[in-house]
J.: 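Have a look at the structure that comes next, please.
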Amino acid sequence: MNPELVDKITRKFPDVAHDISLDYNVFFAPKDDYLRLAEFLKSEPDLAFDHCSDLCGVDYLDYLEVVCHLYSYKLGHHLCLKARVTREEPEIGSLTSLWSTCNFHEREAWDLYGIVFTGHPDLRRILSDDDQPGHPYRKDVPLENDEEWLLRDEKTAEDYGLPLGWERSADA
Amino acid sequence: MDSGAIIGMITLKGVLALAIGIVNIVIFIYMERKVIADMQVRFGPMRVGPHGTLQPIADVIKLLAKEDIVPAAADRLLFILAPFIAFVPAFMLYLTIPISENLVVADLPLGIFYLFGILTVVPVSVLIAGWSSHSKYALLGGLRGAAQQISYEIPLLASILGVIMLTGSFSLVDIVKAQQVPLIKLGAFTILPRWFIFLQPFGFLFYFTAALADTQRTPFDMPEAESELVQGYNTEYSSIKFALFFLGEYSNALIISALSVIIFFGGWSGFGPIPGVVWFFLKTYVFVYFIIWLRSTLPRIRIDQLMDMGWKILLPLTLVNIIVTGFLMIGR
Amino acid sequence: MPKLKTEEIQVNFGPQHPSMHGVLYLKVTLDGEVITAADPVIGYLHRSMEKIFENRTYAQCIAIIDRADYMSAYFNEMAFVSAVEKLMEVDVPLRAEYLRVILMELNRIQNHALLYGTLGMDLGAVTPVFYGQREREKIFDLFELAAGYRMHPNYFRVGGVKEDVPEEFLTGTAKFCDNFAGWLEEYNTLLTGNEIFRVRTRGVGKIDPTWAINAGITGPLLRASGFKWDLRKNDPYSIYDQFDFEVPVGTQGDAFDAFWIRMAEMEQSLRIVKQALSKLPDGPIKAKVPLNVRPPKGEAYARIESPRGESAVYIVSDGSNKPYRVKVRAPSFLHIGCLPDMLRGQLVADAIALVGVVDIVMGEVDR
């Protein structure tokens, strides 16, 4: 992506920090600018990021990060859009209305990292169980011998929302 | 002959017909497995008996030894009744099939009516099985099966009306006898016998298509489309009940092959010193092979395409066939 | 005519269903035979692969990522390895690149041969699957010669490949290339030219290119919709710019086009393998990189054209010998996300064909 376009973005969004990774530009959007920047990236004709390749959460212990890789089929350039959210209040706008592919990406990020995407049409667990406690990919989730996880196995059928007498009828 | 002897004769004939039917189904099943295997670059059953010849028997024993499950939510009476409704008519059909001039249990004057009357019972069993299983796959399969069979029975019967008009009889034996005269003769030498395939080529085409659909063979095996409906109407059946459905289906496929031979290919008539029985089975197994061949090569037609074909193409065409046959008969 | 009032029923397709690919579970609402809503439920094969990576060294990760898309393991490895290579700025020796390309394209043929068989099976034709399996078996034999393993080869390394291939592999591949054109002909006579097959797939599940791009559809499905985009051509990675091949593009975006593109891609892959075999240079097969690599701090994103679409790996490194975070972009995961929109209004039988043609591998979806 050529530097003029980078300038264009940083001029339009002064709060957005810019960085260069190995072979692509990275933009750190503050929470409020995130959605507006994404919309700008998609709709502006000389940016035209029409392909959202990937969106994922990363846990940096102090904060969570949403990493979104955007490509343009038309112009062939690539950028990485990042936004940081706090662990306590991990809320950020949803990109589903811009790229419908983000639907599943965001569900996965919510499931695994607990990042809440406001405005997402259908934010449910996707890879893990519906009754899974916590968000398993966060770095502070213990890998084994956790009390809550052990407790989980002693739950009864009622805890899983199954009708009473479920175990008995299975035996009969 | 006193009445006891007559009843005894009829029973013996019936049992014989049943035995012939079952033996042929066993051959059919073995043949199907071997032929399909050959077309799919593999061997098929090889372990039970030489070249797996005892495999069908092993299959039946396996099926009988399995647990007979009736789902808790099923309508018990109907669920148990359905396989018998499928099986019994299938074997009643053998009574009128003339294997040779004298080898026929009952040469009914309305043999074809009898056959198609009995065939009409099959969709009832499919519907009952689908409904009583209390399973969604089975219900969908049952509805599909019933709809398909009902809509293909009309073209099936209409397609052979041309033959009946030419023969002037509903008896299967009469139909075969009508085909034993030569069509084209060179001196005393018969070049072409008067088989109805030559007089009614389109009738045969329609008959065979409708018959495949009516007996739910590929490419019309809609009710048990395993890729969508697991196993269709017999999803919930196991053990002997499943075996009955299974035998009934194969029996029907065998019957349509035999009927093609009788109605269109001169039945037991042949040439040379080979007896008529051999000719009959030889021709029948050519059709069995053809049915198996279709199964191994063709994908399945979609249900709506199937219904469209039945009502919008096959039925009008068979009617046209009847009318043309009528005009040709008058014109002659 | 007033429309008959019918009651909708909900039917479960999967996770145990004879025609669902892997353990995909589709909750389908049916109005008669028409689908009014579909909700894919996934996660039955979730192995927390990305979390496991965080506690494994890079070399160990390669063995695990084989299991993501278990039908095309070399592509997983390639995506992962090239992300690490980007981080470390390693130059891969030319012979290694050629070997990678040969193996990947063989893998693509293998994958599409499987799709050929399973799609036939979904549509009720029982024979194609055996023909597809026959050629896959031969390709797996070649993989065994090269890597020692058939399905999960664990062959690519950061900076090259594990070891050089034996001579039999090269002669075997050449022989395979000679014979495969004939087999492909057989495929086409058996299924592609079949009238019923055409009726079943033509016009089914049409994909519009603008919608497809927005919904994240990539790979053969995107090309079937008429949008010409292949990463091997448009954003060449490895040494794909040195080969002469074409990118087949569909015209109508229906299931038949999506299927036909797979058949055409097999042909093109064969061309690439042939060219690579003839140009295969001598030389080292691995750059001077230790097995236990420690990439510098930073992040990298590498995407490749896998048989299913755009496969990508995002790696965040903290400078240690274990990745800090690995994200695998799985094309089938996103294609499943598009299924509800694709299936709405279709007949049940078409839905099965569509799921078949989308080509889903649950190992990759759930990771």
Side-chain angles (χ1 to χ4, degrees), chain B residues 32-33 35-44 130-131 134-145 147-148 209 212-213 216-232 234-235 291-309 313, chain C residues 6 8-14 16-21 26 28-30 32-35 117-135 137 183 186 189-204 346-353 355-356:
Chain B
E32 172 154 50
R33 295 185 71 157
V35 169
I36 288 193
D38 186 43
M39 288 177 180
Q40 294 174 344
V41 283
R42 59 191 174 92
F43 287 121
W131 186 80
H134 205 272
S135 152
K136 285 162 186 167
Y137 302 122
L139 182 64
L140 275 174
L143 289 175
R144 276 182 177 192
Q148 174 184 343
T209 315
L212 281 178
Q216 303 156 6
R217 294 290 304 184
T218 318
F220 309 109
D221 54 342
M222 221 53 53
E224 46 191 294
E226 95 259 31
S227 56
E228 302 137 53
L229 301 175
V230 188
Q231 190 49 259
N234 57 25
T235 303
I291 290 176
I292 297 170
W293 183 14
L294 286 183
R295 175 169 168 199
S296 70
T297 39
L298 292 183
R300 185 181 301 119
I301 289 184
R302 213 169 54 207
I303 182 78
D304 60 319
Q305 293 165 342
L306 179 85
M307 298 306 257
D308 278 4
M309 196 178 94
I313 301 172
Chain C
T6 50
E8 291 185 336
I9 57 169
Q10 199 201 326
V11 180
N12 295 335
F13 286 115
Q16 276 94 31
H17 187 282
S19 79
M20 269 305 149
H21 294 225
L26 272 179
V28 173
T29 314
L30 290 180
E33 294 248 352
V34 180
I35 294 175
T118 51
L119 182 67
M121 201 68 137
D122 287 342
L123 293 173
V126 281
T127 304
V129 74
F130 291 94
Y131 282 73
Q133 217 70 269
R134 183 185 60 186
E135 272 69 84
E137 207 51 42
W183 290 324
E186 256 179 35
T189 16
L190 186 58
L191 202 59
T192 321
N194 188 304
E195 195 61 33
I196 299 177
F197 178 76
R198 278 170 186 258
V199 173
R200 281 295 305 276
T201 48
R202 260 283 173 237
V204 170
Q346 303 282 355
L347 296 165
V348 188
D350 287 344
I352 300 294
V355 175

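Note: hydrogens, waters and symmetry copies are ignored here, and every other heavy atom, side chains too, is used. Model, not experiment: these values are computed from the prediction. Convention: sequence-line order gives letters A, B, ...; per-chain numbering from 1.
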J.: State, with a plain yes or no, whether a side-chain heavy atom of B/Arg300 is found less than 4.5 Å away from one of C/Ile352.
T.: no

J.: C/Leu347, C/Val11, C/Thr127: which one forms the most heavy-atom pairs within less than 4.5 Å of chain B?
T.: C/Thr127

J.: Quick check on B/Gln40 against chain C: is it the side chain, the backbone, both or neither that has a heavy atom closer than 4.5 Å?
T.: both

J.: Show the nearest heavy-atom pair for residues B/Thr297 and C/Asn194, with the distance to one decimal.
T.: O-ND2, 4.0 Å

J.: Is atom CD of C/Glu195 surrounded by more than 12 heavy atoms (other residues, nucleotides or ligands) closer than 6.0 Å?
T.: no

J.: Taking atom CG of B/Leu298 and atom CG of C/Leu123, what is their separation to the nearest 0.5 Å?
T.: 12.0 Å

J.: Could you state the interatomic distance from CG (B/Leu294) to CD1 (C/Ile196), rounded to the nearest 0.5 Å?
T.: 8.5 Å

J.: Under the criterion side chain to side chain contact (heavy atoms under 4.5 Å, CB included), I'd like the reasoning laid out for B/Arg302 against C/Val204: C-alpha separation, chi angles, the key distance, then a yes or no.
T.: CA-CA 12 Å; B/Arg302 213 169 54 207; C/Val204 170; 3.9 Å; yes

